[in-house]
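Right, one structure below, let's go through it.
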Amino acid sequence: MSWHPVLPWPIVVVLGLLLVGFTLWRLLVDSHHRVRWGLRLATAVAMVIALMGPAVNGAIARQAASDVSVFFVVDTTTSAMARDHDGEKTRLEGYREDMAKIQEEMPGARFAIITFDYTARVTMPLTTDTNALKTAANNLRAENSLYSGGSSVTVAQERLKLTLEGAKKRQPERSRVVFYLGDGEQTASEEPAPFDLEDLVDGGAVLGYGTEAGGRMASTSADGTTGEDIKDSQGNPGVSKIDEKQLEEIADQLGVPYTHRAGGDIAPALEDADPGTTVEGEGAAIETYTSLIWVFALLMSLLLLIDLFVTTREIGRLRRVEAGGTP
């Protein structure tokens with residue numbers, strides 16, 4: 001048995017003294033209505049017990065705890081709109097699905113999102129709020145294709161490095177896991193600068209999206225809406241193709257495995273990713289219990305009904321006496 005007060009303890013104590021004290025006093029001094037005041041005393045006691053929040057103790061549940069900080073590096077260039085993922089889905093849809101699956105596979109971890117197109121930005125800082133992660137992932141948008149002028153697959157290198165350094169400084173005991181999601185298509189004229197992150201990455205994976213045949217891309221606007229398919233300078237449909245060789249080089253630079261994604265279960269892709277540990281039973285303890293307030297609330301209701309019945313009979317008797325009838 002345990003107690004979980006509905007109101008702060010001092011308020012429960014004061015109310016209890018007032019209710020029980022008054023009804024007990026009336027029971028002692030009003031000899032003509034002992035039954036009514038006895039019912040009200042019992043009701044007051046039941047109310048005080050209910051306010052104290054009686055409960056039956058249950059098991060001790062613990063939240064999953066993780067010593068991992070996860071950083072998603074997501075390609076949001078125009079090629080993210082290519083429709084060659086798991087049928088005719090866009091690659092961006094694949095990113096969202098896999099980010100959700102990774103979150104499910106790593107309960108208790110902290111997550112951050114870095115997106116990149118012509119530049120890189122932290123879209124969501126580290127948080128354990130899974131709802132925030134879902135919202136941020138669902139709100140991922142490809143860059144405005146009107147201003148697309150070429151991008152590098154490693155443009156996020158500096159932003160990622162600064163973010164990882166900050167995380168290591170603040171919480172050096174936590175593993176830092178990086179998941180790079182993209183198609184590896186280099187559209188900038190210069191060669192991509194290599195990822196130089198030294199010992200900042202403890203695990204993760206490079207996840208590749210798209211096909212060798214490629215997929216057509218819908219044009220995008222600033223508000224995320226899509227238009228007609230993009231065409232090249234000759235008026236032919238624009239097609240984006242995956243560059244797995246480039247993605248494998250990025251994986252080597254990060255020191256993580258590369259996996260091509262075409263939908264389906266994410267677990268095999270995480271087997272070699274060394275994403276850190278999730279420890280059951282080592283998180284914050286949560287005591288479970290079954291509340292018994294309803295029992296005393298039901299008892300109060302029953303006592304009040306009986307009190308109402310007794311009072312109604314008493315009023316009827318008094319009226320008959322006043323009318324000169326038989327009491």
Side-chain angles (χ1 to χ4, degrees), residues 63-75 94-116 120 122-130 132-134 136-137 153-184 192-209 244-262 264-283:
Q63 294 176 317
S66 175
D67 60 354
V68 179
S69 294
V70 178
F71 301 85
F72 290 111
V73 181
V74 185
D75 179 355
Y95 302 163
R96 295 181 184 130
E97 291 174 358
D98 283 351
M99 291 169 70
K101 292 174 183 176
I102 291 172
Q103 182 273 315
E104 291 175 0
E105 293 287 334
M106 303 180 69
R110 302 173 72 204
F111 296 91
I113 300 176
I114 297 174
T115 58
F116 68 91
V122 177
T123 304
M124 186 188 79
L126 278 171
T127 180
T128 56
D129 187 343
T130 56
L133 175 62
K134 292 176 183 177
V153 292
T154 59
V155 69
Q157 197 274 150
E158 188 61 31
R159 176 60 61 187
L160 176 60
K161 184 174 183 179
L162 290 173
T163 305
L164 291 173
E165 288 175 341
K168 182 178 181 179
K169 183 177 180 179
R170 289 188 299 272
Q171 294 180 309
E173 74 282 0
R174 296 181 69 93
S175 299
R176 293 167 299 281
V177 174
V178 175
F179 289 101
Y180 179 106
L181 294 80
D183 52 37
F195 278 101
D196 180 19
L197 302 177
E198 301 175 351
D199 59 346
L200 294 173
V201 179
D202 299 309
V206 171
L207 307 178
Y209 300 79
E244 292 196 273
K245 182 179 180 182
Q246 188 73 258
L247 292 170
E248 289 172 352
E249 289 181 6
I250 293 173
D252 288 340
Q253 294 164 10
L254 294 174
V256 298
Y258 165 70
T259 300
H260 179 254
R261 293 291 298 150
D265 187 9
I266 193 71
L270 300 183
E271 289 180 357
D272 299 323
D274 191 21
T277 57
T278 298
V279 184
E280 300 292 343
E282 295 296 331

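One is the number of the first residue; the rest follow in order along the sequence. Given the structure is predicted, the values throughout are model-derived calculations rather than measurements.
Note on ring orientation: taking the six-membered ring where Trp is involved, the planes of Phe72 and Phe111 are parallel (angle under 30°, cut-offs 30° and 60°).
Between the CZ atom of Arg174 and the CZ atom of Arg176 there is a distance of 10.5 Å, given to the nearest 0.5 Å. From Glu105, atom CD reaches atom CG of Asp98 across 11.0 Å, with rounding to the nearest 0.5 Å. Between the CG atom of Leu181 and the CZ atom of Phe116 there is a distance of 9.0 Å, given to the nearest 0.5 Å. Distance check: Thr259 OG1 to Leu270 CG gives 8.5 Å after rounding to the nearest 0.5 Å. Here the CD1 atom belonging to Ile266 is positioned 10.0 Å from the CD atom belonging to Glu97, to the nearest 0.5 angstrom. The distance from the CG atom of Leu254 to the CG atom of Asp196 is 10.5 Å, given to the nearest 0.5 Å.
Minimum interatomic distance between Val73 and Val178 (heavy atoms only, all atoms of both residues): CG2-CG1, 4.0 Å. Of all non-hydrogen atoms in Ala167 and Phe71, the two that sit nearest each other are CB-CZ, 3.8 Å. Nearest heavy atom pair, residue Ala120 against residue Ala156, reads CB-CA, 3.6 Å. Taking every heavy atom of both residues into account, Val153 and Pro192 meet most closely at CG2-CB, 3.9 Å. The minimum heavy-atom distance between Ala136 and Met124, with the atom names listed, is CB-SD, 3.9 Å. Nearest heavy atom pair, residue Pro257 against residue Gly204, reads CD-O, 3.4 Å.
With hydrogens and angles ignored, the 3.5 Å screen pairs no side-chain donor or acceptor of Thr154 with any backbone N or O of Phe195. Remark: the backbone N or O of Ser69 is not paired with any side-chain donor or acceptor of Arg110 at under 3.5 angstrom. For the pair Lys101 (side chain) and Ala267 (backbone), a donor-acceptor distance under 3.5 Å is absent. Arg261 contributes no side-chain N or O that, together with a main-chain N or O of Leu207, makes up a donor-acceptor pair within less than 3.5 Å.
Checked by atom type, the side-chain pair Asp75/Tyr209 shows no donor-acceptor distance below 3.5 Å.
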Take Gln246 and Asp183 through the test side chain to side chain contact (heavy atoms under 4.5 Å, CB included) and record every step on the way to the result. CA-CA 9 Å; Gln246 188 73 258; Asp183 52 37; over 6 Å; no

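Of the candidates Glu249, Glu244, Glu248, Tyr258 forms a side chain to side chain donor-acceptor pair (under 3.5 Å) with just one, namely Glu244.
Here the side chains of Thr127 and Leu133 are not in contact, with every heavy-atom distance at 4.5 Å or above.
Residue pairs meeting the salt bridge (Lys or Arg N to Asp or Glu O under 4.0 Å) criterion with at least one partner in residues 158-168, sequence neighbours excluded, are Lys168-Asp199.
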